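Treat the numbers as computed from the prediction; the structure is a model and nothing was measured.
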Amino acid sequence: MRHASLELTGMSCANCSAAIEEALEELSGVDVASANFATDDGTVAYDPDRTSLTTVYDAIENAGYEAAKASISIGVSDMSCANCAETIADRLNETPGVLSATVNYATDEANVTYNPADVDRSDLYDAVEAAGYSPVRESEGQRRSDVDRRAASRDEEIRRQRRLVLFGAVLSAPLIGLMVGHLFVPSVVPETVGPVGINWIAFLFATPVQVVLGREFYGNAWTAVVHNRTANMDVLIALGSTTAYTYSVAVLLGIVAGGQYFDTAALILVFITLGNYLEARSKGQAGEAIQELLEMEAETASVIGPDGTERSVPLAEVQVGDLLKVRPGEKIPTDGEVIDGQSAVDESMVTGESVPVEKAPGDEVVGSTINENGVLTVQATKVGSETAIQQIVELVREAQSRQPAIQNTADRISAYFVPAVIVNAVIWGAVWYLFPAGLAGVVDALPLWGVVAGGPTVAGGGVSVFEFAIIVFASAVLIACPCALGLATPAATMVGTSIGARNGVLFKGGDVLERVRDVDAVVFDKTGTLTRGEMTLTDVVALDEQRKADGTSIDESFVLRMAAGAERGSEHPLATAIVDGATDRDLSMAEPSDFENVPGHGIRATVSGHEVLVGNRALLESEDVDVDSSIEPLESLESDGKTAMLVAVDDRVVGVIGVADEIEPSAERTVAALSDRGHDVWMITGDNERTARAVAQSIGIKASNVVAGVLPADKASAIEEIQDEGRDAMMVGDGVNDAPALAAASVGAAIGSGTDVAIEAGDVTLVRDDPYDVVKTIRISEATLAKIRQNLFWALGYNTVMIPLASLGLLQPVLAAAAMAFSSVSVLTNSLLFRRYVPDVDYQLFGRARTTSIEPETP
């Protein structure tokens, strides 16, 4: 039985605690549960074999409450393959208090969600160490220092691997000389050097390599087999190298007859260590995205005190509300609002847009962007982990830790691969020992035999049967390391998410990258996505020129004055446009009374004693107002793509007001580019049918793909209807009113989020107000998945070809070790080359990338 303490939130009375207890005690495997309303804590005793802590948390949430949980990213410095990552993840998930844990071999990180009431950082570090690996112990301080420490740890690992490679290379050089001499000019190789036999000299050079370079592999192999009861890459390396070394020592001592393979034993370790060194360097380069983002942060800030004096303080000491002085050429220290001054700010590091943005008092600025010219006084609004740059870092980190579903297949293969390789090597070694003549007859006919293995040694009597069986065993073990398979997906995902971050496209995970590729329908919200969301008054139509009983002239000024007076009580963009239009015309507006908002239809209010309605036809008809006289001007404005609203005063329609929203300049080419790629493009809006179709027609969306008159609450249902037809839809909206629709779609893309980059509803955050970034999102997704397929092709193809060759005796062990090291390095190199990809063109798996027929505009 396992006991867990819980920090509970959301309880407001004793009944709440009772509801939590009841929900937990209904779970199978829960023995007893308690919740204390007074202290906001609880305990639960459960059988981990029948239920999990995650299930306990789910039950609490389903009851309408929450239990505190925290997340941490732990650097791990000495993983050698995907099996190592799986071993660490298993040990962490077995730790009491851990909800979930995943480990990424490519990023050298473990991501853990845990119950802070039961477990802390030190417990998680201990779990990693118990699995046989070294965690990078970090402070509770800032993310910046943690990332710096992790980068330093990775740099130290690169230096350590380089030292080992140099050590092994120096001692192996004489062994290589002896090997070359024996192969090509055996007459010049002496039998002894002084009183010492040449084979003993080979032993003296090979043994330090075996001890120093092999120590790490032996230690990890022992941990894997004895403590974790699994087999990883280190087991294969230790088996292969030890087989060659032990056999050579046995020959040297006269225990068995045969040749010596000290050169092979040493070179196996040198090649593998060289591969580890190159792999560590490549992983460091692939993971530079987060470090590069953090290096963009300012280190200090000039804070203006209450007395007007300035002082320079570290960035960590800046508080919300502080006034900051930012001079030309300086980085803006943190997110804030311009209080004084005007300048152009380079925001390319966040938005990818190279053109500086003009800033004036009242405008928002993003931390780490660069002030180009004027002096700005900025009030800090977000600091620390709340800033845009830190949220981007967190999104990139999360994206790199969440892998596509295709990685699950690779992980399952890797988990069973090493034991299968060992069994295969034992079988073929035994078969060669038992049936050498028959196999040699088959292999002699293969053209590669004489090239790779140096001739039919078994059939020709060059080596003993036992000796050749040992060679086959060592080669078959060494050739089949699953490292390349484990790196194929995460390495490409790291680079793909980094490319997205540089282009203002933030994916929430590698699984999102995979889903984006499968999208075949793109659904845009209209306002604020395809249009700028800045409504402007364009038309005021008075239906008749006459006077009311009180002598008031019913003209355009009267219509606008009544409408603006009523709309002063609303914060809707349409209301703002009407009020601003009246202000620009210097019209006086009375304060409304009895104001009432009718969601999705309009408003009603009393203005200067008159009952005023402003809204759509449905609103007026619900109030029994005759709208026949307004139909013609209403439809005329709507056919021009404008939003038309009827104005009724005292139960009589007096006019029609037209408001227009400027279409985004890139909207038309976005639709054209998506259509050219075969995507079905839709538009969804709360606007009326006629206006919506006019906007759609102007940017190239088919009338049949327009869903109009939809209330915000119904947009999710509209998305579901589209997907019910068998489509995988991407919903593109502003991330606020469109949140339900974003969540309902296969992929939700929140566009134009500015400094608020952490929108929970969307799977993808598009930092800029540019719909064309949807095209870039799809291109990056397709390119990343194509790169993953390339990597898997090389990794699986390598093993498919090389394992049979080694099993048939066509590879010497030293060549097998070199090929194994090359496989991992080649996968990482292939992923690093992907960093050059620019998502302005479509990526093709083979051949040159092609541009679509719609080229992006040059800024």
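- When every heavy atom of Leu213 is checked against every heavy atom of Leu269, the shortest pair comes out as CD2-O, 3.8 Å.
- Between Asn115 and Lys69 the shortest side-chain heavy-atom distance does not fall below 4.5 Å.
- Within the 4.5 Å cutoff, no side-chain heavy atoms of Leu99 are placed close to those of Tyr114.
- Within the structure, salt bridge (charged side-chain N to carboxylate O under 4.0 Å, His left out) pairs that include any residue of residues 208-223 comprise Arg160-Glu216 (at least two apart or interchain).
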message: Checking Glu156 against Arg163 for the salt bridge (Lys or Arg N to Asp or Glu O under 4.0 Å) test, could you report, in this order, the C-alpha distance in whole Å, the side-chain angles of both residues, the deciding distance, and whether it holds?
response: CA-CA 11 Å; Glu156 174 56 33; Arg163 290 194 297 267; 3.3 Å; yes

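- Side-chain N/O atoms of Asn791 and Ser831 include a donor and acceptor closer than 3.5 Å.
- The CD1 atom of Ile74 sits 13.0 Å away from the CG atom of Asp108 when rounded to the nearest 0.5 Å.
- Listed by chain and number, the residues in a side-chain contact (heavy atoms from CB on, under 4.5 Å) with Ala127 are Arg91, Leu92, Thr95 (sequence neighbours excluded).
- Taking the six-membered ring for Trp and thresholds of 30 and 60 degrees, Tyr261 and Tyr247 have ring planes inclined between 30 and 60 degrees apart.
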message: Show, in sequence, the C-alpha distance, side-chain angles and deciding distance for Tyr245 and Thr207, and conclude whether the side chain to side chain donor-acceptor pair (under 3.5 Å) test is met.
response: CA-CA 8 Å; Tyr245 180 81; Thr207 300; 2.8 Å; yes

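- Counting heavy-atom neighbours within 6.0 Å of Phe466 CZ, excluding the residue itself, gives a total of 12 or less.
- Annotation: side chain of Val225 is in contact with side chain of Val235 (closest heavy-atom distance under 4.5 Å).
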field: Gln790/Asn830 under side chain to side chain contact (heavy atoms under 4.5 Å, CB included): CA gap, chis, key distance, verdict
entry: CA-CA 8 Å; Gln790 279 185 351; Asn830 189 43; 3.2 Å; yes

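- Under the 3.5 Å distance criterion, with hydrogens and angles disregarded, no donor-acceptor pair is assigned to the side chains of Tyr133 and Asn220.
- In this structure, CG in Asp234 is found 11.0 Å from CG in Leu239, a value given to the nearest 0.5 Å.
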message: Could you go through Val426 and Phe473, starting from their C-alpha distance and side-chain angles, then the distance that decides it, and tell me whether this counts as side chain to side chain contact (heavy atoms under 4.5 Å, CB included)?
response: CA-CA 6 Å; Val426 170; Phe473 173 80; 3.7 Å; yes

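- You'll find the side chain of Val423 stays beyond 4.5 Å of the side chain of Pro419, heavy atoms only.
- Residues Gln210 and Ser241 have side chains that bring a donor and an acceptor to within less than 3.5 angstrom of each other.
- Pairs passing the salt bridge (charged side-chain N to carboxylate O under 4.0 Å, His left out) check and including a residue from residues 242-253, sequence neighbours excluded, do not occur.
- Residues that satisfy the side chain to side chain donor-acceptor pair (under 3.5 Å) test with Ser52, not counting sequence neighbours, are Thr55.
- Nearest heavy atom pair, residue Ala4 against residue Leu53, reads CB-CD1, 4.1 Å.
- For the atom pair Asp263 CG and Ser248 OG, the distance stands at 7.5 Å (nearest 0.5 Å).
- Here the closest non-hydrogen pair linking Ala469 and Gly429 is CB-O, 3.3 Å.
- Judged as a ring pair (Phe, Tyr, Trp, His ring centres under 6.0 Å), and not counting sequence neighbours, the contacts of Phe203 are Trp200, Phe262.
- Across all their heavy atoms, Val270 and Ser172 have their closest contact at CG2-OG, 3.3 Å.
- Using a distance-only test at 3.5 Å, with no hydrogens or angles considered, a donor-acceptor pair links the side chain of Asp118 to the main chain of Ser5.
- Under 3.5 Å, the side chains of Tyr433 and Glu467 contain no donor-acceptor pair of N or O atoms.
- One finds no salt bridge joining Glu94 and Arg2 here, because no Lys/Arg side-chain nitrogen approaches an Asp/Glu carboxylate oxygen to under 4.0 Å.
- Of all non-hydrogen atoms in Val477 and Leu236, the two that sit nearest each other are CG1-O, 3.0 Å.
- With a 4.5 Å cut-off on side-chain heavy atoms, Val76 and Val136 do not count as touching.
- With hydrogens and angles ignored, the 3.5 Å screen pairs no side-chain donor or acceptor of Thr273 with any backbone N or O of Leu164.
- Using modelled atom types and a 3.5 Å distance limit, the side chains of Ser807 and Asn424 yield a donor-acceptor pair.
- Side chain to side chain, Tyr837 and Thr784 fail the donor-acceptor criterion of an N or O pair below 3.5 Å.
- Partners of Phe167 under the ring pair (Phe, Tyr, Trp, His ring centres under 6.0 Å) rule, at least two apart in sequence or in another chain, do not exist in this structure.
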message: For a side chain to side chain contact (heavy atoms under 4.5 Å, CB included) check, start with the C-alpha distance between Leu805 and Val801, then their side-chain angles and the critical distance, and finish with the verdict.
response: CA-CA 7 Å; Leu805 290 179; Val801 172; 4.1 Å; yes

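- Considering only heavy atoms from C-beta on, Glu129 stays 4.5 Å or farther from Ser134 through its side chain.
- By the 4.5 Å heavy-atom criterion applied to side chains, Val112 and Val119 are not counted as neighbours.
- Closest of all the heavy-atom pairs between Ala101 and Asn93 is N-OD1, 2.9 Å.
- Distance CD1/Ile268 to CZ/Phe217: 11.0 Å, rounded to 0.5 Å.
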